[in-house]
Amino acid sequence: MVISTIADQITRTVEGISDTLTSPFTDPVIRLGVTGLSRAGKTVFITSLVANLMDRGRMPQLEAAATGAIRTAYLQPQPDDTVPRFNYEAYLSQLTAPEPTWPDGTRQISELRLSLRVQPSGLLSGISGPRTVHIDIVDYPGEWLLDLGLLDQTYAEWSEAALSRARGRPGGEDYVALVAGVDPTVRLDEPEAQVLAERFTAHLREAREAGFSDCSPGRFLLPGDLAGSPVLTFAPLPTTRYPRGSLGREFERRFESYKRNIVQPFFRDHFAKIDRQIVLVDVLGAIHGGPATLDDLRGAMARILGTFRPGKNAFLTRIFQGRRVEKILFAATKADHLHHSQHPQLTAITEALLREAKDRADFAGAQTAAMSIAALRTTVEETVDHKDGPLDVVRGRLLDTNKQAAFYPGKLPSDPAHLLAPAREGSDSWLDADYSIMNFAPAPLTRKPGDGPPHIRLDKAAQFLFGDRL
């Protein structure tokens, strides 16, 4: 295991040296990681971003688009032939159909290369022709992100943390009660091991459906062709000394195998090569879930950011330490579910919620930002009469009934501490407010030539993430 880790580090260093020495003679490449937890909107974000970079009429805050420096944009095959292509055309067709529908969520890693022909600005603008900048977009399930934190944990440490999180969560108490009657020192019985893994996985699914974010191991929720394999047949057990051949010893071995065969290759082959990163967060959904889900989101995002290697991609840094994330954007999605008058509050809550993680990245030298966005706008804003006076609402087509409805989610506090304090203290509910959410369907689109899909601040997000490289 140690030798394998050293070999991986040497390989990354050699790749870093090769990339650094050849980069002046090749087209620049930006590897943009798009991540977030379930239902944060990764697939829609990528689809709308690419569509709006190809038709840039709605991108005034992307400087290179506003000035006309981007001459054209086109898709190319991604350089990695072993990674599935992000199915951009199919997703765009779904979102722009006469009766649009939401695409399925991310279930595997995928990539897409968008190439931009950009006219240089400044002193070289008059003597240099357009150059090509490649944006390699890497999409991967957010559930896999939390697995990266397992690399620094032993089975005993993970078991203790997992059992602690289970208490008070949907299905968690049942699993804890089940494990209380299990002796981990007895000889391994495979049917019993399968029951424990299935019951633990069922608890993770229930917790995720209830809005909790930290539901690792992620492949338990998205097993793919690994379903039923020994590498996914383990679960947390009470910590003790496990004798050879026992249930506990085998679960410990499978946990290490999961890290070695599932988590490490993902980190080495994909995650560690990211240049710029956007973290999509469903803050409104977490607020609706209550103090416990909001605090769980805060803790999950802090653990996720601990897996990044943020910092400036200086020449010597690239050679000796490998690629580092230079910019990280924390984006609260579904801003179209709020009237624009509440967007500043949503952004402030996002900044406060991610303060622990953001400070860690800032300290390491990465440039970070937080904003509220909607990759695809599904609502229009209205002001309606209410018994307490005019009320700012949004109106859209409901996903379940297909009917138009006006929606007011509740007044977000101007001071984020009014939400974060009860969350940290473990309150059962919000004391003086009630927050609602609606599931809106995508609206039928009518676009002018040259316009991409409607959005909120997608252009501002793009300017932060890669505008400096265009």
Point to revise | Steps toward salt bridge (charged side-chain N to carboxylate O under 4.0 Å, His left out) verdict (Asp296, Arg169) | key: CA-CA 11 Å; Asp296 182 66; Arg169 289 189 180 187; 2.5 Å; yes
Exercise for review: Tell me, with the steps shown, if Ser110 and Asn87 meet side-chain contact (heavy atoms from CB on, under 4.5 Å).
Suggested key: CA-CA 8 Å; Ser110 63; Asn87 200 354; over 6 Å; no
Review point. So Glu173 and Arg167, side-chain contact (heavy atoms from CB on, under 4.5 Å) or not? Walk me through it.
Key: CA-CA 5 Å; Glu173 295 291 354; Arg167 295 180 177 90; 3.8 Å; yes
Check your understanding: Given the rule in the salt bridge (charged side-chain N to carboxylate O under 4.0 Å, His left out) test, do Arg219 and Asp147 qualify, once you have shown the distances and angles that lead to the verdict?
Key -> CA-CA 8 Å; Arg219 297 296 178 102; Asp147 282 356; 5.2 Å; no
Exercise for review: Apply side-chain contact (heavy atoms from CB on, under 4.5 Å) to the pair His288 and Leu284, showing each step before the final yes or no.
Suggested key: CA-CA 6 Å; His288 170 69; Leu284 291 176; over 6 Å; no
Check your understanding: What's the verdict on side-chain contact (heavy atoms from CB on, under 4.5 Å) for Val182 and Glu192, showing C-alpha distance, side-chain angles and the deciding distance?
Key -> CA-CA 9 Å; Val182 173; Glu192 181 184 28; 3.8 Å; yes
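The two residues Leu92 and Ala51 have their closest heavy-atom pair at CD1-CB, 4.0 Å. When every heavy atom of Ala366 is checked against every heavy atom of Val325, the shortest pair comes out as CB-O, 3.7 Å. Nearest heavy-atom pair across Ala197 and Leu232 is CB-O, 4.0 Å. Scanning all heavy atoms of the two residues, the minimum distance from Leu458 to Ala375 falls at CD2-O, 4.3 Å. Between Ala335 and Ala374, the shortest heavy-atom distance links the atoms N-CB, 4.0 Å. Taking each heavy atom of Gln153 and Gly149 in turn, the nearest pair found is CG-O, 3.7 Å.
Salt bridge Lys259/Glu256: present, at least one basic N to carboxylate O contact under 4.0 Å. Using a 4.0 Å cut-off between charged nitrogen and carboxylate oxygen, Asp295 and Arg424 do not count as a salt-bridge pair. A salt bridge is defined here as a Lys NZ or Arg NE, NH1 or NH2 lying under 4.0 Å from an Asp or Glu carboxylate O, and Arg199 with Asp174 fails to meet this definition. One finds a salt bridge joining Arg254 and Glu250 here, because a Lys/Arg side-chain nitrogen approaches an Asp/Glu carboxylate oxygen to under 4.0 Å. Classification of Glu111 and Arg85 as a salt-bridged pair fails, no side-chain N sitting under 4.0 Å from a carboxylate O. The pair Asp468-Lys327 counts as a salt bridge, with a side-chain nitrogen and a carboxylate oxygen less than 4.0 angstrom apart.
Rounding to the nearest 0.5 angstrom, the gap separating the OG1 atom in Thr47 from the CD atom in Gln94 is 8.5 Å. For the atom pair CG of Leu114 and CG of Leu49, the computed distance is 7.5 Å after rounding to the nearest 0.5 Å. Here the CG atom belonging to Leu112 is positioned 8.0 Å from the CD1 atom belonging to Ile46, to the nearest 0.5 angstrom. Ile274 contributes atom CD1, which lies 7.5 Å from atom CG of Leu32 (distance to the nearest 0.5 angstrom). The structure places CD1 of Ile109 at 8.0 Å from CG of Asp139, a figure rounded to the nearest 0.5 Å. Put simply, OG on Ser429 and OH on Tyr435 are 11.5 Å apart, with the number rounded to the nearest 0.5 Å.
Separation of the Phe234 and Trp158 ring centroids falls under the 6.0 Å cut-off. Proximity of the aromatic rings of His337 and Phe407 is defined here by a centroid distance below 6.0 angstrom, and this criterion is not met. Close placement of the Tyr91 and Phe86 rings is indicated, their centers lying within 6.0 Å of each other.
Remark: the backbone N or O of His418 is not paired with any side-chain donor or acceptor of Trp430 at under 3.5 angstrom. Between the Gln342 side chain and the Gly410 main chain, a donor and an acceptor come within less than 3.5 Å of each other. Using a distance-only test at 3.5 Å, with no hydrogens or angles considered, no donor-acceptor pair links the side chain of Gln194 to the main chain of Thr233. Judged purely by atom type and a 3.5 angstrom limit, Ser257 has no side-chain atom pairing as donor or acceptor with the backbone of Arg253. Side-chain N or O atoms of Thr293 include one that pairs as donor or acceptor with a backbone N or O of Ala286 at under 3.5 Å. Judged purely by atom type and a 3.5 angstrom limit, Ser229 uses its side chain to pair as donor or acceptor with the backbone of Leu226. A donor-acceptor pair under 3.5 Å is absent between the side-chain atoms of Glu326 and the main chain of Asp275, judged by distance alone. In terms of modelled atom types and a separation under 3.5 Å, the side chain of Tyr175 and the main chain of Pro236 share a donor-acceptor contact.
For the side chain to side chain donor-acceptor pair (under 3.5 Å) condition, no pair includes a residue of residues 236-248, sequence neighbours left out.
Contact of the Arg469 side chain with the Pro28 side chain is registered, since non-hydrogen atoms from C-beta on lie closer than 4.5 Å. Under the 4.5 Å side-chain criterion, counting only non-hydrogen atoms from C-beta, Ile278 is in contact with Phe45. Under the 4.5 Å side-chain criterion, counting only non-hydrogen atoms from C-beta, Val281 is in contact with Leu297. Met371 is listed as a side-chain neighbour of Leu329, based on a closest heavy-atom distance under 4.5 Å. At least one side-chain heavy atom of Leu338 sits less than 4.5 Å from a side-chain heavy atom of Pro409. The closest side-chain heavy-atom distance from His343 to Arg457 is below 4.5 Å. Residues Ser372 and Ile456 form no side-chain contact, since every pair of their non-hydrogen atoms from C-beta on lies 4.5 Å or further apart. Residues Leu196 and Phe251 meet the side-chain proximity criterion, which asks for heavy atoms closer than 4.5 Å.
Under the side-chain contact (heavy atoms from CB on, under 4.5 Å) rule, Leu247 has a single partner from Asp189, Asp183, Leu237, which is Leu237. Screening Asp81, Asp136, Asp80 for a salt bridge (Lys or Arg N to Asp or Glu O under 4.0 Å) with Arg113, the sole residue that qualifies is Asp136.
Between the side chains of Ser115 and Gln76, at least one donor N or O lies within less than 3.5 Å of an accepting N or O. Side-chain atoms of Asp336 and Thr378 form a donor-acceptor pair, as typed in the model, at a separation below 3.5 Å.
Remark: Tyr140 engages Phe266 in a ring pair (Phe, Tyr, Trp, His ring centres under 6.0 Å) (not counting sequence neighbours). For His203, the ring pair (Phe, Tyr, Trp, His ring centres under 6.0 Å) partners two or more places apart in sequence, or in a different chain, are Phe200.
Within a 6.0 Å sphere centred on CD of Glu160, heavy atoms belonging to other residues, nucleotides or ligands number 12 at most.
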